[in-house]
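Scope of the values below: all heavy atoms of this structure, side chains included, with no hydrogens, waters or symmetry mates. Below, chains carry the letters A, B, ... as their sequence lines are ordered, and counting in each starts from 1.
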2 protein chains.
Amino acid sequence: MRYSIDHKSPVPLHAQAETLLRKLIAEEDYQNGKNLPNEVELAKKLAISRTTLRQAINKLVFEGLLVRKKRAGTKVAQAAVSSKSNNWLSFSQEMKLRGIPIKNFELQVSQVFPSEEVARFFEIKTDRQVLKLERVRGKPNEPFVYFVSYFHPRVGLTGEEDFKKPLYELLENEHSVIATLSKEEISAKAADLFIADKLKIAVGSPVLFRKRYVFDHGERPIEYNLGYYKADSFIYTVESTR
Amino acid sequence: MRYSIDHKSPVPLHAQAETLLRKLIAEEDYQNGKNLPNEVELAKKLAISRTTLRQAINKLVFEGLLVRKKRAGTKVAQAAVSSKSNNWLSFSQEMKLRGIPIKNFELQVSQVFPSEEVARFFEIKTDRQVLKLERVRGKPNEPFVYFVSYFHPRVGLTGEEDFKKPLYELLENEHSVIATLSKEEISAKAADLFIADKLKIAVGSPVLFRKRYVFDHGERPIEYNLGYYKADSFIYTVESTR
DNA sequence: TATGTTATAATGTACAAACATAATATTAAT
DNA sequence: ATTAATATTATGTTTGTACATTATAACATA
């Protein structure tokens, strides 16, 4: 076992177990569906009680990170990502929460003339260039989303920024733009040739398509974003009341 | 104590305790900040162990419903996070809004034994039958959604009702059941043979899949609903803030 | 009166032990 | 070869017990 638990530490054992599990989860084997060590054994190895270990596991189950089945064992949840309607997160934040190491592929930045729709949303003319950001994200050799973003000129992005950082962090820290409101539209689509190529799936395969309009606290348009998610790599969760 | 726990029930004690707590939480006193009965006492009163009660409490804490402090006790979380009153609508209402005339096809009502998942959600035994409602909806010769609903026995549906009426209207007017909370999961799927047949599309075509858990204002489970939407016949919109 | 000390009441952490249940794997029977 | 019975293995449920920690209340002291 690469990791261990410090019984003398003031950090509660279950908390230590939790972080240890998060590290385990990040490992490739487990990401690929391998069973985690079973409770009884793992507890013995870590020299903590099964109950204590269970406390940690249950938390991760509740978070949706792990899935368990009697007899079958404990595995990293496949349907990887979910998104709560309230406090919304950027993609990389969501993934980090789940212990999934995310890579950027084919990151491209360019200046383009906006389409009618984008120009209308941004309330600018179509002859004024906007920054376009494209990227494929996922695990190495397993892309699961293709993103396209357009940013309002007001944001002041030059294209030289480090887009590997979480996007909303970057906007906040380096450009003092705080995104506070998002309107999204979610639907299912068949992958066309372009998308199929990006996501390495067959043409016609189902993708979850998400269109996102992002505003700052003054309700001014900031970003227009399109996301194509490989089916089952993304589950959108919503809680609503009347 | 108004409520109690049935030790002979197959429903796990911690699950019973959980629903009991949800009822308690709904009470006015507790809403107004009164401390819940403390663990040790409550466990004694319910004749379950403290550990078991704790299992239930912790779940609600994790959900953000309860807040605990050492020595201070357990209270209902104030500043209830108002989840963007995305007032949700039934399908026919949604479609009427969009000016589309909707027909029901292949409406089927039956009594079935619930699956594990349904039984768990309803907190009933799997040998207790529930009402299952299936239907295809859309324009004549152009189905665009296949629905399956399961209703909790508590709702009192006989199967003789007129399911052509908007569902939530029917529940409210004829059964005094008011659905107030829904939790949904949305993802993209490929149509299997069964769904493809229902929606008259090719096997493997993309569908938007929506799983919906519906509760009444006492947070009691009412309906479990699955919807398979033909791609592009349905767009889900969400508005969220930070 | 103001402040420091101590008791107390609640939750927090942790263990060990037993039995239940479900899914899978193995074996036996047809 | 297929089906039925059985064993196995991992998680699920539940209890009882013990001690730690922390915020408040009660008390005592200056």
message: Could you tell me how far apart Glu39(B) (CD) and dT8(C) (P) are, to the nearest whole angstrom?
response: 21 Å

message: Can you tell me which nucleotide in dT11(C), dA10(D), dC15(C) comes closest to the side chain of Ser49(A)?
response: dC15(C)

query: How many Å lie between CG on Leu36(A) and C1' on dT9(D), as a whole number?
result: 16 Å

- prompt: Can you tell me how far P of dT17(D) sits from CZ of Arg50(B), to the nearest Å?
  reply: 13 Å

field: Side-chain ion pair, Arg22(A) and Glu18(A), N-O less than 4.0 Å
entry: yes

- prompt: Angle class for the Tyr224(B)/Tyr150(B) ring planes (parallel below 30°, perpendicular above 60°, tilted otherwise)?
  reply: tilted

message: Using whole Å, what does the distance between atom C1' of nucleotide dT13(D) and atom CG of Leu53(B) come to?
response: 15 Å

message: On DNA chain D, does the nearest nucleotide to Thr51(A) precede the nearest nucleotide to Thr74(A) from the 5' side, or the other way round? Give the residue.
response: Thr74(A)

- request: Please figure out whether His7(A) or Lys70(A) has its closest DNA chain C nucleotide nearer the 5' end.
  value: His7(A)

field: Donor-acceptor pair (no angle test) under 3.5 Å: Arg71(A) side chain, dT8(D) base
entry: yes

query: CG of Leu170(A) to NZ of Lys164(A): how many Å apart, nearest 0.5 Å?
result: 12.0 Å

field: Separation of atom NZ in Lys59(A) from atom C1' in dT13(C), rounded to whole Å
entry: 14 Å

field: Rounded interatomic separation in angstrom, taking CG from Asn58(A) and P from dT13(C)
entry: 14 Å

Sub-6.0 Å ring centroid separation between Phe194(B) and Tyr146(B): yes

query: Rounding to a whole Å, what distance do you find between Arg54(A):CZ and dA17(C):C1'?
result: 14 Å

query: Is any side-chain nitrogen or oxygen of Arg68(A) closer than 4.0 Å to OP1 or OP2 of dG12(D)?
result: yes

query: Between atom CD1 in Ile48(B) and atom P in dG16(D), what is the gap in whole Å?
result: 11 Å

query: Under 4.0 Å between a Lys/Arg side-chain N and an Asp/Glu carboxylate O for Lys34(A) and Glu27(A)?
result: no

message: Below the 4.0 Å mark, does dC15(C) have OP1 or OP2 next to a side-chain nitrogen or oxygen of Thr52(A)?
response: yes

